[in-house]
There are 4 protein chains.
Amino acid sequence: MQADDDMRGDRSERAQAQRERRRMHILLAAAKLFGQRGYHGTSVADVIEAAEISRGTFYLYFDSKDAVFLELMEQFIQRIMSVVEVVDPEGATPTEHIAENVRRVVDVVFEHRDLTVMVLREGFGVRPEVDEKLGRFYGFVREMLEGALRNGARHGLTRKVDEALAATALIGAIKEMFLHELVLGHSHEDGRRAVSEALIDFGLRGLLIKSG
Amino acid sequence: MQADDDMRGDRSERAQAQRERRRMHILLAAAKLFGQRGYHGTSVADVIEAAEISRGTFYLYFDSKDAVFLELMEQFIQRIMSVVEVVDPEGATPTEHIAENVRRVVDVVFEHRDLTVMVLREGFGVRPEVDEKLGRFYGFVREMLEGALRNGARHGLTRKVDEALAATALIGAIKEMFLHELVLGHSHEDGRRAVSEALIDFGLRGLLIKSG
Amino acid sequence: MQADDDMRGDRSERAQAQRERRRMHILLAAAKLFGQRGYHGTSVADVIEAAEISRGTFYLYFDSKDAVFLELMEQFIQRIMSVVEVVDPEGATPTEHIAENVRRVVDVVFEHRDLTVMVLREGFGVRPEVDEKLGRFYGFVREMLEGALRNGARHGLTRKVDEALAATALIGAIKEMFLHELVLGHSHEDGRRAVSEALIDFGLRGLLIKSG
Amino acid sequence: MQADDDMRGDRSERAQAQRERRRMHILLAAAKLFGQRGYHGTSVADVIEAAEISRGTFYLYFDSKDAVFLELMEQFIQRIMSVVEVVDPEGATPTEHIAENVRRVVDVVFEHRDLTVMVLREGFGVRPEVDEKLGRFYGFVREMLEGALRNGARHGLTRKVDEALAATALIGAIKEMFLHELVLGHSHEDGRRAVSEALIDFGLRGLLIKSG
DNA sequence: CATGAATGAGTGTTCATTCAT
DNA sequence: AATGAATGAACACTCATTCAT
């Protein structure tokens, strides 16, 4: 009896684990394809071929193509958000804080290359739900950046600038650098460090030696 | 015979002009739609409805949906390229040169809002030919920027930086600012000037008052 | 010029007529299949094969499989309703009136065999819109019948009965007789007359010679 | 050895009984669903959910969805047939005989509402085997009715009519009244009696007071 | 015996492209 | 040159059935 229970428990656990692994497998395959060919360029047929599963199996694990895309997008957003620490405006010089945030974000990005490319290359207009998710995410990022800029200005670290415009520029710069590195990157282990440093460098120091 | 030829010539010329006008009309309608809904979100049906032409007519002027997209992309690229003046590396302080280039590019962008949005929102991966075109274009832009950065460094105007990385960041910043302004922009006449100045500001001066 | 106009007019008219003929052709094919195999047993593939058109053409003429079914159902309902004349309760003996209604309905039914079978064999539960249409139709029929029964009772022609129950029984009898005749019927020209007479006979006279 | 056999026999018997109980359980769940949503509107998924069994188990007890439907239909048919007593043509006035048959059928119908609705709402065309079964059943019913009519005519109880047509009409009336009562019926205990009486009334007496 | 994960043929629908008029 | 009817490959999704555990 006990053995029986144990066996059943084992089997159920193993089944559950297997199921989770398969879900992951599909998500990974989908992320790669979405990253390479975009949402519209990737068909369910592509995904099931890449994941080596049948049509039916795909729908056994996910409600729809959209659902997969949204889940992947959510995964990425969650990972990034969970790794960014809001800087205490009253705290000491925030420079190091920011640098650490950047490093952590870069780590997430480089450990989830496909996911990142997928999110970064897909602009608005794919699906309303996607737009909403992206909107909230970029809103969050923008707030982080604007806060950092305000904070930096208060501490006399950065020039007084139109924070909204500056945040937009920074977002664009970050996206492009990540995309460039991830798509063309030679996957040097130091690509990661180079990007980290470049982001901190450009973000905090700008390009000019002396004011114009 | 001669008169006949003339008449035919006239007719042919007028027909040619009419044909050109119609092509333009279709391209404009397509640009607007591609900008608003993206490549995949725009169907040939949308285009012919917007251009008020028949299905057949569309294919009389263009080989395919792709061809329209590519031609529009080419148009945009040509316009931008034709307006950028390569800075003489031996010349005097290039700051003003650069500023003028920026202003001219901004002018093109704001005078062809649909076209710009279309190009900027569509990343790589739509079609191989599109990728190739975009690749060459960004290669050109990148070269311009890298040249400017090298030049600036030589003149002691900018810090010594990894020009490739810096160019990537700048490209991203520029794209994002344009997109943001064009999509959400309130179409103030001064939006154009604000963006111009912000680009020059961020591009040339960076954000930091004093070096870290 | 005039000839040109005429020709264009002709062409347009002919095109319009051709279009209408094709629509009809598809509807006829669909009605036959729906009648033979039911709504669920008939696929769009079946319809386009029977109508000898391509998948795309089907959707050129109809929005969906449902739309075809609903249009056919509506056609049948309209034909029947347009042919039934509401009996004036104050009028003279309504027997002849009723008999004429029956004959007209029978004519419609026998001239649109597939359509009738399609409607009669499909019960409720196919689609909400279908249910609603059928509900309204049977409501109409029921009202007609109940009115006739009330009328007949007032004139002393029929026994006093629970009109609702009697109407239900009559509806069932009518449906079954039509279905039987249309599905198995040997298409004798007199099948039509036999059914007409039987309906009048059973509806008006009942089965018993003398009351039990 | 003998004890062993007995035990095995017991176990086998118990297992057999359990198996039978489970079969019944599934059939009941299926009948309810088939009645409510029809054959096409009911998926195997619906059935296993309602029966609270697994997919595999379903196919352990039945060969296919069709097999369940057919078995249910057969069940209904058997019940009805087993309850109808063939009237002796040489016997005395058959009125009471008929009335008793009607009452027994009504009892079966009201005690197996789901089953009845299932059979009545599904016309021909679902599956060839279904058609065949239904065909044989209605053949039997038809024979009963025609016999009764012939008998009635011989005894001078009913008018001389085309018995085939009359039987068809009666079948339709019966079906419709049952369906109406079972689907919309307020489940009054007397609904049963009302229907019984109405059937006898309409079937035997018809609607007209005096002969035409 | 029981399970539920896996399958793939089939569904209704879309849309870029062709072609007879 | 202009039209729009016609096409069919491709799409996302469903579901009855099988089978390893």
Side-chain angles (χ1 to χ4, degrees), chain A residues 7-8 10-12 14-16 18-19 22-23 40-48 52-68, chain B residues 11 15-16 18-19 22 40 42-48 52-69, chain C residues 7-8 10-12 14-16 18-19 22-23 40-48 51-69, chain D residues 11 15-16 18-19 22 40 42-48 53-68:
Chain A
M7 271 182 74
R8 270 205 238 150
D10 277 10
R11 219 201 291 185
S12 169
R14 242 193 292 145
Q16 196 61 27
Q18 158 81 359
R19 193 178 156 75
R22 200 132 200 202
R23 246 186 90 88
H40 290 290
T42 306
S43 69
V44 173
D46 293 335
V47 175
I48 68 176
E52 292 182 295
I53 55 168
S54 73
R55 270 189 130 60
T57 302
F58 176 87
Y59 286 96
L60 210 57
Y61 287 90
F62 300 97
D63 282 347
S64 64
K65 179 185 165 184
D66 277 33
V68 177
Chain B
R11 219 198 290 178
Q16 196 62 25
Q18 156 79 1
R19 191 179 159 76
R22 203 144 195 194
H40 290 289
T42 304
S43 68
V44 173
D46 294 335
V47 175
I48 67 175
E52 293 182 294
I53 54 166
S54 75
R55 262 188 140 60
T57 301
F58 176 88
Y59 284 92
L60 225 50
Y61 286 89
F62 300 96
D63 282 348
S64 64
K65 179 184 165 185
D66 279 30
V68 176
F69 191 79
Chain C
M7 272 182 73
R8 271 205 235 146
D10 277 10
R11 220 201 289 183
S12 170
R14 242 193 292 142
Q16 196 61 25
Q18 158 80 359
R19 191 179 158 76
R22 198 130 200 204
R23 247 187 90 88
H40 290 290
T42 305
S43 69
V44 174
D46 293 335
V47 176
I48 67 175
E52 292 183 295
I53 54 167
S54 73
R55 272 190 129 58
T57 301
F58 176 87
Y59 285 94
L60 208 57
Y61 287 89
F62 301 96
D63 282 347
S64 64
K65 179 186 166 184
D66 278 33
V68 176
F69 190 79
Chain D
R11 217 198 291 180
Q16 198 61 25
Q18 157 80 3
R19 191 179 157 77
R22 203 142 195 196
H40 289 289
T42 304
S43 68
V44 174
D46 293 336
V47 176
I48 67 174
I53 54 166
S54 75
R55 263 188 139 60
T57 301
F58 176 88
Y59 284 93
L60 224 50
Y61 287 88
F62 300 95
D63 281 347
S64 64
K65 179 185 164 184
D66 278 30
V68 176

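Quick note on labels: first sequence line is chain A, next is B, and so on, each numbered from 1.
- Taking the side-chain hydrogen bond (donor to acceptor under 3.5 Å, both in side chains) definition, one finds that D/Gln18 meets it with D/Arg21, sequence neighbours left out.
- At least one test fails for D/Arg22 against the ring of D/Tyr61: distance under 6.0 Å to the centre or angle within 45° of the axis.
- Here A/Ser43 lies in heavy-atom contact (under 4.0 Å) with sugar-phosphate atoms only.
- Of the two residues near DNA chain E, A/Gln18 and B/Asp63, the one whose nearest nucleotide lies more 5' is A/Gln18.
- For the pair A/Asp66 CG and F/dC13 P, the interatomic distance rounds to 7 Å; values are reported in whole Å.
- Place A/Ser54 and C/Val44 on DNA chain E by their nearest nucleotides, and A/Ser54 ends up nearer the 5' end.
- We find the OH-CD1 distance between A/Tyr59 and A/Ile53 to be 10.5 Å, quoted to the nearest 0.5 Å.
- Taking atom CD1 of residue B/Ile48 and atom P of nucleotide F/dT3, one finds them 10 Å apart after rounding to whole Å.
- Regarding contacts with the backbone of E/dC1, every side-chain N or O of D/Arg22 stays at 4.0 angstrom or more from both OP1 and OP2.
- In terms of position on DNA chain F, the residue among B/Glu52 and A/Thr42 whose nearest nucleotide sits closer to the 5' end is B/Glu52.
- Rounded to an integer number of Å, the gap from CD1 of B/Ile53 to P of F/dT3 is 8 Å.
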Discussion item. Checking C/Val68 against C/Val47 for the side chain to side chain contact (heavy atoms under 4.5 Å, CB included) test, could you report, in this order, the C-alpha distance in whole Å, the side-chain angles of both residues, the deciding distance, and whether it holds?
Written reply: CA-CA 10 Å; C/Val68 176; C/Val47 176; 6.0 Å; no

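- Within 4.0 Å (heavy atoms only), C/Tyr61 reaches sugar-phosphate atoms of the nucleic acid but no base atom.
- Pair assignment for E/dT13 gives F/dA10, based on Watson-Crick or G-U wobble hydrogen-bonding distances that are each under 3.5 Å.
- The partner of F/dA20 is E/dT3, by the rule that a Watson-Crick or G-U pair needs both atom distances under 3.5 Å.
- Atom CG in C/Leu60 sits about 13 Å away from atom C1' in F/dT3, given to the nearest Å.
- Contact annotation for D/Arg19: no contact, since no heavy-atom pair falls under 4.0 Å across all strands.
- Dashed line: the shortest gap from a side-chain N or O of A/Tyr59 to OP1 or OP2 of F/dT14 is not under 4.0 Å.
- The CD atom of B/Glu52 sits 12.5 Å away from the OG1 atom of B/Thr57 when rounded to the nearest 0.5 Å.
- Residue C/Phe62 contributes atom CZ, which lies 16 Å from atom C1' of E/dT13 at whole-angstrom precision.
- Atom NE2 of A/His40 and atom C1' of E/dC15 are 14 Å apart (whole Å).
- Take the nearest nucleotide of DNA chain F for B/Thr57 and for D/Phe58: the residue whose nucleotide is more 5' is B/Thr57.
- Contact check, C/Arg55 against E/dT13: no side-chain N or O comes under 4.0 Å of OP1 or OP2.
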